Each structure stands twice: as C-alpha cells, then as structure tokens.
Amino acid sequence: MIRHATKYDKTEIIQMMMEFRTEADFPEIMGIENEEYWNALLDSIIAGQGVVFLEEGKGLLMAMVLPTIWCNKTFVMHELAWYVRPQYRVTTTGFRLFSAYIKHAKQLKEQGRIKYFTMTKLDTSPSLKYEKHGFRKKDENWIQ
C-alpha cells in the first residue's frame with residue numbers, strides 16, 4: 001500500500017536512499033555520510049516542504065517544494081528520488097509511486113501552491129514514456 005511517509009519511517013527512507021545511491025552508478029556521491037543532514041531534510045519534507053510516498057519495504061518517491069530561481073513566491077515541486085528495490089521492479093510498486101506523486105502534484109497545482117512539478121530520469125533509470133503522463137522534456141543535466 002502506497003502512503004505518505006511519517007517521521008517514524010526515516011530509518012527505512014535513509015536505508016533505501018543508501019541502496020539507491022549504490023545502484024545509481026554515481027561515484028561522486030559515494031561515501032558521503034551525513035545522517036544528521038538526512039534527518040533534518042526528512043523532517044522538513046515530512047512537515048510539508050515536500051512529500052515522501054512509501055511502500056514499506058519496497059520503494060519510495062521523494063519530492064521537495066522549493067521556490068523557483070525567478071521568484072521566491074513561486075514554488076515548484078521537484079522529484080528528488082524514485083527508488084524501488086530490485087526484487088519489486090517487476091511489480092506495480094514503481095508505477096503506483098509515480099501515480100501517487102502525479103496525483104499529489106496536480107492537487108498542489110490546482111490549489112495554486114505550486115506552478116509546476118518535475119521528474120528526473122537518471123541514465124540508469126528504466127525507459128518510461130513520460131510524455132504519456134503529461135510531462136514534456138525541458139532540460140538535461142550533465143556531470144563532470
């Protein structure tokens with residue numbers, strides 16, 4: 001069952017994020033350990049600066065609401081991480097997390113709380129037709 005994470009889920013969220021980091025083939029972030037920061041970040045997100053959708057033991061989708069670079073009163077929700085443990089990738093967990101995020105973000109848009117919302121696609125992410133879900137490609141990020 002997909003649900004909003006609470007402060008009692010922080011240990012599981014941090015564990016899944018460490019698994020995500022290991023699988024993401026992103027050496028620049030390997031070995032960075034700052035549990036104090038993670039706890040503070042999750043406290044902010046859970047308190048309303050974003051959302052973490054969780055299916056216990058299976059996966060999560062985490063997003064944060066931030067002001068745009070154009071105006072401190074115009075907000076955007078950015079997906080930060082979408083992770084499903086390998087043994088659950090052949091199930092509907094990932095899609096249901098994605099759907100919960102879209103539904104929540106659309107509600108925030110309709111309420112005027114955010115202007116738009118984003119999804120990130122890592123180079124290691126499975127192929128998904130984001131356009132089919134109403135997204136349009138706007139940019140790419142490159143790292144060195």
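Atom set for the values below is all heavy atoms of this structure, side chains included, hydrogens, waters and symmetry mates excluded. Just so it is clear, the model here is predicted, and its values are computed rather than measured.
- For the atom pair OH (Tyr116) and OG1 (Thr74), the distance works out to 9.5 Å, reported to the nearest 0.5 Å.
- When the side chains of ILVMFWY residues are joined at heavy-atom separations under 4.5 Å, either directly or via intervening members, Ile102 and Val84 end up in a single hydrophobic cluster.
- Cluster annotation: Leu54 and Met64 are assigned to the same hydrophobic cluster (Ile/Leu/Val/Met/Phe/Trp/Tyr, side-chain heavy-atom contacts under 4.5 Å, transitive).
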Q: Take Glu79 and Tyr101, measure what side chain to side chain contact (heavy atoms under 4.5 Å, CB included) needs, and give me the verdict at the end.
A: CA-CA 9 Å; Glu79 173 264 331; Tyr101 170 68; 3.9 Å; yes

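- You'll find the side chain of Phe75 stays beyond 4.5 Å of the side chain of Arg113, heavy atoms only.
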Q.
Let's go through Met119 and Trp82 carefully: what are the C-alpha distance in whole Å and the side-chain angles of both, what is the deciding distance for side chain to side chain contact (heavy atoms under 4.5 Å, CB included) to 0.1 Å, and is it a yes or a no?
A. CA-CA 9 Å; Met119 277 301 296; Trp82 180 19; 3.4 Å; yes

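- A salt bridge is absent between Lys7 and Glu12: the closest approach of a Lys/Arg side-chain nitrogen to an acidic carboxylate oxygen does not fall below 4.0 angstrom.
- A 4.5 Å side-chain heavy-atom check between Leu97 and Lys58 finds every atom pair outside the cut-off.
- To the nearest 0.5 angstrom, Glu110 atom CD is 8.5 Å from Lys106 atom NZ.
- Taking 4.5 Å as the limit, every side-chain heavy atom of Val52 sits out of range of all side-chain heavy atoms of His4.
- Heavy atoms of other residues, nucleotides or ligands lying less than 6.0 angstrom from CZ of Arg89 number more than 12.
- Here the side chains of Phe95 and Thr93 are not in contact, with every heavy-atom distance at 4.5 Å or above.
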Q.
Set out, in order, the CA-CA distance, both residues' side-chain angles and the distance that settles salt bridge (charged side-chain N to carboxylate O under 4.0 Å, His left out) for Arg3 and Glu56, then state yes or no.
A. CA-CA 9 Å; Arg3 63 174 177 80; Glu56 286 182 51; 2.9 Å; yes

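- Hydrophobic clustering, with ILVMFWY side chains joined whenever heavy atoms are under 4.5 angstrom apart, groups Phe20 together with Leu80.
- For the pair Glu55/Arg96, a side-chain contact is recorded, criterion being any heavy-atom separation below 4.5 Å from C-beta on.
- Between Ile13 and Met62, some side-chain heavy-atom pair lies under the 4.5 Å cut-off.
- A heavy-atom distance below 4.5 Å is found between the side chains of Ile14 and Leu42.
- Considering all non-hydrogen atoms of both residues, Ala81 and Met17 come closest at CB-CE, 3.5 Å.
- Side-chain N/O atoms of Glu19 and Gln15 include a donor and acceptor closer than 3.5 Å.
- Evaluation of the side chain to side chain donor-acceptor pair (under 3.5 Å) test over residues 34-48, restricted to residues two or more places apart or in two chains, returns Lys10-Asn39, Lys10-Asp43.
- Using a 4.5 Å cut-off on side-chain heavy atoms (C-beta onward), Val76 and Leu66 make no contact.
- Tyr88 meets the ring-ring contact (aromatic ring centres under 6.0 Å, His included) test with no other residue; sequence neighbours excluded.
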Q) Where do Phe53 and His104 land on the ring-ring contact (aromatic ring centres under 6.0 Å, His included) test, with the steps shown first? A) CA-CA 10 Å; Phe53 290 103; His104 180 72; 5.7 Å; yes

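- Taken from CE in Met77 to CD1 in Ile114, the straight-line distance is 4.5 Å, to the nearest 0.5 Å.
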Q: Take Glu33 and Arg21 through the test salt bridge (charged side-chain N to carboxylate O under 4.0 Å, His left out) and record every step on the way to the result.
A: CA-CA 11 Å; Glu33 302 295 334; Arg21 176 182 65 186; 2.9 Å; yes

